[in-house]
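Chain naming here is simple, since letters A, B, ... match the order of the sequence lines and numbering starts at 1 in each. Source: prediction; values computed, not measured.
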Amino acid sequence: MRDVHVAGVGMIRFGRYKDRDVPDLGGEAALLALDDAGLGVRDVEFLAAGSLFQANAMVGQRILQQIGQTGIPVVNVANACATGSTAFREAWLAVASGEHDVGMAVGVEQMGKMGLLGGGGGSGVRTEGVLGSGLMPAVFGQAGMEHMRRHGTTQAQFAKVAVKNHRHSTRNPLSQYQVEVSLDDVLHARMVAYPNTLYMCCPTGDGAAAAVLVSPEKARQLGANVKVLASVLTSDPWSERDLTLPDVNTLTRAAAARAYERAGVGPEDVDLVELHDCFATAELLHYENLGLCGEGEAGRLIDDGETAHGGRIPVNVSGGLLSKGHPLGATGVANVFEIVQHLRGRAGARQVDGARVGLAHVIGLGSACTINILGG
Amino acid sequence: MTARRPIVPFLRVPADGEPYLAGHRCTACGAIFLGPRLACGRCMARGSFEEVPLSRTGTLWVYSIVHQSSPGVPVPYVAAIVDLPEGVSVRCSLVDVAPDPAALSFGMPVEMTTAVSQQDRDGNDVVAFFFRPAQGGA
Ligand SMILES: [Zn+2]
């Protein structure tokens, strides 16, 4: 495997685009990334497109119908919420293997008002609310309760994650919401699934993001100096309770260990993290899963402001999924976009000064975990 | 003519006796699964499973209280993960308890109960299992 560099990234503001469609949104992000790289669609040798709700609709090819049909190989990726980050990894593999010199990943989703709550089952027999809950808010509520049980974490500590990420989003013009909320607001908002209230759950929405990955030689020509230090994907090994409650911890820890080893860095070397805060509870779990603190210290980390912008290890300065939004297929590429902007010193008002190494983490429940570590 | 059918295959509703959950136990390593497997997810041994009846009592591992759900699902409800003494866990709803963190505690003893939850398309009664706070001082 050879080194791979990120030559360009693009992203549209997450939100609602009810008069547009998936190839159109994805195409816009792709063109932004190509412009950013200083390349044209004729330079692209491989495309990986990630879109979850349209997984069977040849989104990658339809994006090329929007921006230029050159006959290149296209793969369409679905991997739950890790769809976009898996597409990024496919493009990375295409270039790292030596097969292609320029690969592009596009993540795009149009969710409209359809939520993570989904519809009824197809069997005609309702299990939701009968056999507990398979819905994301309850699953991540329960995962947070495990942390509460093991470490005495409080609902207020989880709520502080929402306060932090919503505050961060006010400095990100691409964030779906850009509104500050107080701890009181968060705790007294409508309960969705205890302990997560409305502000502790990511919104639904539409969005797209793209990245152009290139070989070392191309990177030299283009002056692209952000490098992919590691791109790792894991699935669930067997673990205690056999996934009766989906286990977002074990596969994240496995991915983190492999990613740090591949990248030759440790958590202490990371200057910023974009992690999968689909619910506020999830963020605290991942502080420990990613080694940002010791076991049971996540509550203290948020209390002490260490993961806020300006803190020791800023987490989700983009606003995170909680505020920036979570258009499923777009998410994993969008958090790479965020890291790249900081490494290039182009993150504007939310810039993490002097950022050299950034980590992007995504979980797709079911489960898939990706970790991309980038260095600049 | 309607019949009774369990909501999941691993719920057994014998004509003469108490309903129970059935586990598939790997004879190589002892791991128990709810539902059949081709090979053991834990030790990878192929195809040697035995069916074991699981206890009707256990303890509450964790829960969430769901206030917003899919259309048509009554809220609130307590979504729980219950640990059984055989070393297997079950996803279930906790009933006969207030949907309030003050009424719930980690590790509290719980017991299984069954009830008809709905009718299926063919008009059969669908029997579901639930857990509730243990009443016999388990
Ligand atoms: Zn086994």
Expected contact set for residues 234-245 of chain A against chain B at heavy-atom separation under 4.5 Å reads W238(A), R241(A), D242(A), T244(A), L245(A)

So with a 6.0 Å cut-off around OH of Y63(B), is the heavy-atom count from everything else above 12?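 Buried by this count: over 12 neighbours within 6.0 Å.
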
Other residues, nucleotides and ligands only: do more than 12 of their heavy atoms fall within 6.0 Å of CD on E261(A)?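 No, because the 6.0 Å sphere around CD of E261(A) holds 12 heavy atoms or fewer from other groups.
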
Would you call Q68(B) and P137(A) a side-chain contact if the rule is heavy atoms closer than 4.5 Å? no

[X], part contacting chain A, at a heavy-atom distance under 4.5 Å:
X	result
Y77(B)	side chain
I81(B)	both
P101(B)	side chain
V8(B)	side chain
F131(B)	neither
F130(B)	side chain

Closest non-hydrogen contact found for S70(B) with E128(A) is OG-CG, 4.4 Å

Who passes ring-ring contact (aromatic ring centres under 6.0 Å, His included) against H151(A), sequence neighbours left out?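 Listed in chain order: H147(A).
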
Using side chain to side chain donor-acceptor pair (under 3.5 Å) as the criterion, list what pairs up with R25(B), not counting sequence neighbours. E50(B)

M145(A) CE to L60(B) CG distance, which is reported to the nearest 0.5 Å: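 The CG atom of L60(B) is 8.5 Å from CE of M145(A), to the nearest 0.5 Å.
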
Examine distances only and state if a side-chain atom of [X] and a backbone atom of [Y] form a donor-acceptor pair shorter than 3.5 Å.
X	Y	answer
E146(A)	V62(B)	no
R126(A)	V73(B)	no
S64(B)	Q142(A)	no

Largest heavy-atom contact set with chain B, pairs under 4.5 Å, which of A138(A), G144(A), S133(A): S133(A)

When S117(B) is tested against each of L131(A), V130(A), T127(A), V125(A) for side chain to side chain contact (heavy atoms under 4.5 Å, CB included), which residue passes? V130(A)

When heavy-atom pairs shorter than 4.5 Å are enumerated against chain A, which of L94(B), V78(B), D83(B), V88(B) gives the highest number? D83(B)

Who wins among P99(B), G107(B), G72(B) for the most heavy-atom pairs under 4.5 Å with chain A? G107(B)

Residues at least two apart in sequence or cross-chain that pass salt bridge (Lys or Arg N to Asp or Glu O under 4.0 Å) with R56(B), listed by chain then number, are E18(B)

